[in-house]
Asker: 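I have a structure I would like to understand better, so I am pasting it below and will then ask my questions one at a time.
Below, chain A is the first sequence line, B the second, and so on; all start at residue 1.
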Amino acid sequence: MAPFQFDYLTATIITLGVGFLFGFVLERAGFGNARNLAAQFYLHDMRVLKVMFTAIVVAMLLTFFASAVGLLDFSRVWVPPTYFWPSVLGGFLLGVGFIIGGYCPGTSLVAVATFKVDGLFYSLGVLLGLAIFGETSPAFWGFFSHAGEAGRLTIFDLLGVDAGFVVLGVAVMAVGAFAFAEIMERVFARPGSEPAPFSLGAKTARRAAVVGAIGLAAATLLIGQPTVERKMVWAREGLDQSIQERKIHIDPAELLGLMHNNQVQTVLVDVRRAGEFNQFHLLDAQNVVPEELTPAWVGKLPKNAVVVVMSNDEFAANDAWKRLAVQLNPNPGKPIVDASRVYVLAGGVNRWLDIYQAGNRDAPSADKAPAGDDSLRHRFAASLGSRVDFARPDAKNAPARQFATKVRAGQAKRQAGGGCG
Amino acid sequence: MKWRQDPSRYWNPYAAGIALGLVLFGAIFVTGNGLGASGGLARVVAFAEDCVVPSHVDANPHLAPMAGGQNNPLDHRLVWMVLGTILGGFVSGLLAGRTKIETCKGPQVGTGKRWLLAVVGGLLMGYGAGLARGCTSGQALSGGAVLSVGSWAFMMMVFAGGYLFAYPLRKEWN
């Protein structure tokens with residue numbers, strides 16, 4: 001499922017190619033000339049609005065349609081994080097700079113590439129402005145990094161609706177904005193100048209574009225963005241294979257090592273019933289009902305934390321693992337090769353107790369699935385919780401075990417976003 | 001009043017918008033990231049400062065993540081995108097016969113004044129792009145297409161700022 005990951009050279013070539021097409025289209029749109037850009041603000045040639053808004057709508061429609069039908073994993077698409085007040089203030093400054101200077105950073109590159117002297121001066125101004133920002137921003141670093149900070153926040157998350165509603169709304173709004181732009185161009189047309197060339201295209205093409213855009217938006221809304229359950233169905237082969245081949249089951253001794261390792265942040269998720277959890281659980285484990293492992297829960301995880309799921313044996317833990325894997329792993333549809341962000345405690349709490357309570361150091365290795373039916377085999381006279389030493393045995397007193405290390409901390413990172421700025 | 005050099009050669013704005021949208025979607029689909037321009041330029045600035053005053057760069061919270069210590073600020077995808085954009089713009093301009101040394105300006109403003117205004121506008125734009133963590137490409141286009149709240153607020157403010165100062169500056173462009 002897209003997006004894909006590439007080695008350094010391929011990624012560089014792709015980015016260079018994307019930049020090439022970007023510059024080419026900007027130049028073709030007339031954005032290499034400041035007068036075409038500034039005209040937007042005098043309403044007689046609204047090509048800036050038309051090009052930008054068309055591009056946004058086309059990319060938005062395709063992105064969310066691809067996400068709805070399972071071609072694109074939207075959770076791995078870079079969404080510029082929201083810092084509301086710096087954005088508002090910066091956007092305003094940028095708008096003022098736009099009307100004074102006549103370009104924006106991207107279009108000024110195209111102006112420079114086509115030897116526009118004003119574009120060169122403008123670009124130098126941009127570099128100077130960025131340098132001044134770098135020098136002055138420490139003075140208001142708190143405002144810059146925290147004013148209206150909301151992380152990855154989309155309009156549909158803010159409204160709490162399916163992305164399709166917003167996609168359809170923006171598409172309808174765009175059609176209205178284009179009609180408005182056409183009227184404005186006629187009202188504010190320059191005396192003696194011919195109407196903007198090719199302004200609106202043929203009537204049939206226009207209708208087809210409107211019907212196509214609204215249709216695609218409506219289809220996106222009807223299908224809906226994928227739920228965790230739908231993602232699990234799409235990825236089931238890879239998930240089942242990873243479980244079958246026991247790629248993601250870690251030995252109790254490996255987990256104990258992680259619990260003692262302060263370089264790796266480990267989140268323990270215990271999916272058993274509350275009664276069993278209260279009788280005994282590993283130190284710092286959190287009791288979570290599998291259905292609560294939603295994107296909201298995943299969103300609160302510490303960055304790069306390793307998650308380890310457990311139940312009494314493994315059935316419930318494997319199911320919970322699937323829920324988390326489709327949300328955390330880069331390619332959940334493919335069997336795990338070497339890196340995952342979420343693991344299962346092999347043999348569950350039962351095997352843990354076999355080793356660390358009963359002292360049976362020869363308990364089966366992580367390659368062996370437990371035979372039990374996922375019920376707690378050990379009996380406790382009282383609800384001990386984690387107030388016992390075997391909830392996190394001291395590393396030097398724990399029975400030594402041979403095991404193959406599976407957790408690769410720091411390697412299973414999801415694609416880091418880049419963005420602009 | 002003929003103010004375009006060769007209007008017939010520009011693409012229909014809607015066609016150009018569709019083409020730009022396809023490029024943007026292609027970038028999002030294949031790499032997971034949109035477009036960007038000011039990010040690459042910010043790294044050029046960081047590189048220049050790192051050459052002159054490396055210890056100052058290491059102590060600056062804005063510059064250090066890009067150029068602090070052993071970090072090479074130019075080793076970033078957005079720098080390659082800037083190179084690609086310049087190249088693409090050049091090829092398009094060359095094919096259309098629009099590559100000639102000239103200054104784009106309104107009829108009522110002198111060349112020198114236009115250059116000065118270009119520097120001033122660029123400076124404000126650069127400062128704004130730093131503050132907003134992106135420009136029209138990275139925030140408005142790329143963030144707009146993925147429906148980021150901050151990007152849409154940004155976009156509205158760009159138009160607000162432009163329209164607010166359009167009237168006082170009408171002599172520059174018309």
Side-chain angles (χ1 to χ4, degrees), chain A residues 3 15-16 18-21 23-25 27-30 33-34 38 41 47 50-51 54-56 58-60 62 78 80 82 87 90-97 99-101 104-106 109-110 113-115 117-118 121-122 125-126 129-131 133-134 137 153-155 198 418 420-421, chain B residues 10-13 16-17 19-21 23-25 27 32-33 36-39 45 62 77 80-81 84-86 88-90 92-93 99 101 103-104 115 118-119 121-128 130-138 143-145 147 149-150 154 157-158 161-162 165-166 173:
Chain A
T15 310
L16 205 58
V18 167
F20 182 90
L21 294 173
F24 192 92
V25 175
E27 208 286 330
R28 287 286 141 149
N33 184 325
F41 298 102
R47 79 175 35 239
K50 292 182 198 171
V51 173
T54 307
I56 288 172
V58 166
M60 174 194 72
L62 293 173
W78 164 256
T82 293
S87 281
F92 185 79
L93 284 178
L94 219 127
V96 177
I99 189 68
I100 296 177
C104 59
L109 294 175
V110 174
T114 52
F115 309 143
V117 184
D118 54 325
F121 277 104
Y122 183 90
V126 171
L130 284 163
F133 176 77
S137 55
L153 179 66
T154 56
I155 297 175
F198 305 114
C420 186
Chain B
Y10 290 135
W11 283 353
N12 171 342
L20 187 54
V23 172
L24 176 54
F25 170 69
N33 280 292
S38 59
V45 172
H62 185 69
R77 50 180 283 281
W80 292 102
M81 191 165 291
T85 307
I86 294 174
F90 175 70
S92 168
T99 45
I101 300 175
T103 297
C104 307
W115 290 352
V119 173
L123 202 144
L124 282 171
M125 177 77 74
Y127 201 90
L131 191 56
R133 296 173 169 79
C135 58
T136 4
S137 327
L147 300 173
V149 172
F154 168 87
M157 291 309 290
V158 172
F165 282 79
W173 297 110

Asker: Side-chain contact, heavy-atom cut-off 4.5 Å: B:Tyr10 with A:Arg47?
Answerer: yes
Asker: Mind checking whether A:Phe115 and B:Phe90 have side chains closer than 4.5 Å, heavy atoms only?
Answerer: yes
Asker: Between chain A and each of B:Leu124, B:Ile101, B:Val158, B:Leu24, count heavy-atom pairs under 4.5 Å; write down the option with the most.
Answerer: B:Val158
Asker: Which of the residues A:Ala131, A:Gly95, A:Gly134 is involved in the greatest number of heavy-atom pairs with chain B at under 4.5 angstrom?
Answerer: A:Gly95
Asker: Heavy atoms only: give me the nearest A:Ala59-B:Gly21 pair and the separation to one decimal.
Answerer: CB-O, 3.7 Å
Asker: Measuring from A:Leu130:CG to B:Leu131:CG, what's the distance to the nearest 0.5 Å?
Answerer: 11.5 Å
Asker: Stepwise, does the side chain to side chain contact (heavy atoms under 4.5 Å, CB included) test hold for A:Tyr122 with B:Val119?
Answerer: CA-CA 5 Å; A:Tyr122 183 90; B:Val119 173; over 6 Å; no
Asker: Is the closest side-chain heavy-atom distance between B:Phe25 and A:Met60 below 4.5 Å?
Answerer: no
Asker: In chain order, what residues pass the side chain to side chain donor-acceptor pair (under 3.5 Å) check against B:Thr99, with sequence neighbours excluded?
Answerer: none
Asker: Of all heavy-atom pairs between B:Ala27 and A:Val18, which one has the smallest distance, and what is that distance?
Answerer: CB-CG1, 3.9 Å
Asker: Measuring only between side-chain heavy atoms, which start at C-beta, is B:Met125 closer than 4.5 Å to A:Pro105?
Answerer: yes
Asker: For the pair A:Asp118 (side chain) and B:Cys104 (backbone), establish whether a donor and an acceptor sit closer than 3.5 Å, ignoring hydrogens and angles.
Answerer: yes
Asker: Under the side chain to side chain contact (heavy atoms under 4.5 Å, CB included) criterion, do A:Val51 and B:Leu20 qualify, and how do the steps go?
Answerer: CA-CA 8 Å; A:Val51 173; B:Leu20 187 54; 3.9 Å; yes
Asker: Calculate, to the nearest 0.5 Å, the distance between atoms CD1 and CG belonging to B:Ile86 and A:Leu109 respectively.
Answerer: 5.0 Å
Asker: How close do B:Tyr127 and A:Phe133 get, heavy atom to heavy atom, and via which atoms?
Answerer: CE1-CA, 3.5 Å
Asker: Hey, what's the ring geometry for B:Phe165 with A:Phe92, parallel, tilted or perpendicular (30° and 60° as the breaks)?
Answerer: perpendicular
Asker: Can you check whether A:Ile99's main-chain N or O pairs, donor with acceptor, with B:Trp173's side chain at less than 3.5 Å?
Answerer: yes
Asker: List the steps, then state whether side chain to side chain contact (heavy atoms under 4.5 Å, CB included) holds for B:Thr103 with A:Phe121.
Answerer: CA-CA 10 Å; B:Thr103 297; A:Phe121 277 104; over 6 Å; no
Asker: Could you pull out the closest heavy-atom pair between A:Val25 and B:Ala16, with the gap in Å?
Answerer: CG1-O, 3.5 Å
Asker: May I ask you to name which of A:Leu21, A:Leu16, A:Val110 has the most heavy-atom pairs under 4.5 Å with chain B?
Answerer: A:Leu16
Asker: Going by atom types only, do B:Ser92 and A:Arg28 share a side-chain donor-acceptor pair under 3.5 Å?
Answerer: yes
Asker: Given the options A:Gly106, A:Ser137, A:Cys104, which has more heavy-atom pairs under 4.5 Å with chain B than any of the others?
Answerer: A:Cys104
Asker: Between A:Ile100, A:Val58, A:Leu93, which shows the greatest number of heavy-atom pairs under 4.5 Å with chain B?
Answerer: A:Ile100
Asker: If you count heavy-atom pairs under 4.5 Å between each of B:Gly144, B:Gly150, B:Ala118 and chain A, which one has the most?
Answerer: B:Ala118
Asker: State the OG-CE distance between A:Ser87 and B:Met157, to the nearest 0.5 angstrom.
Answerer: 10.5 Å
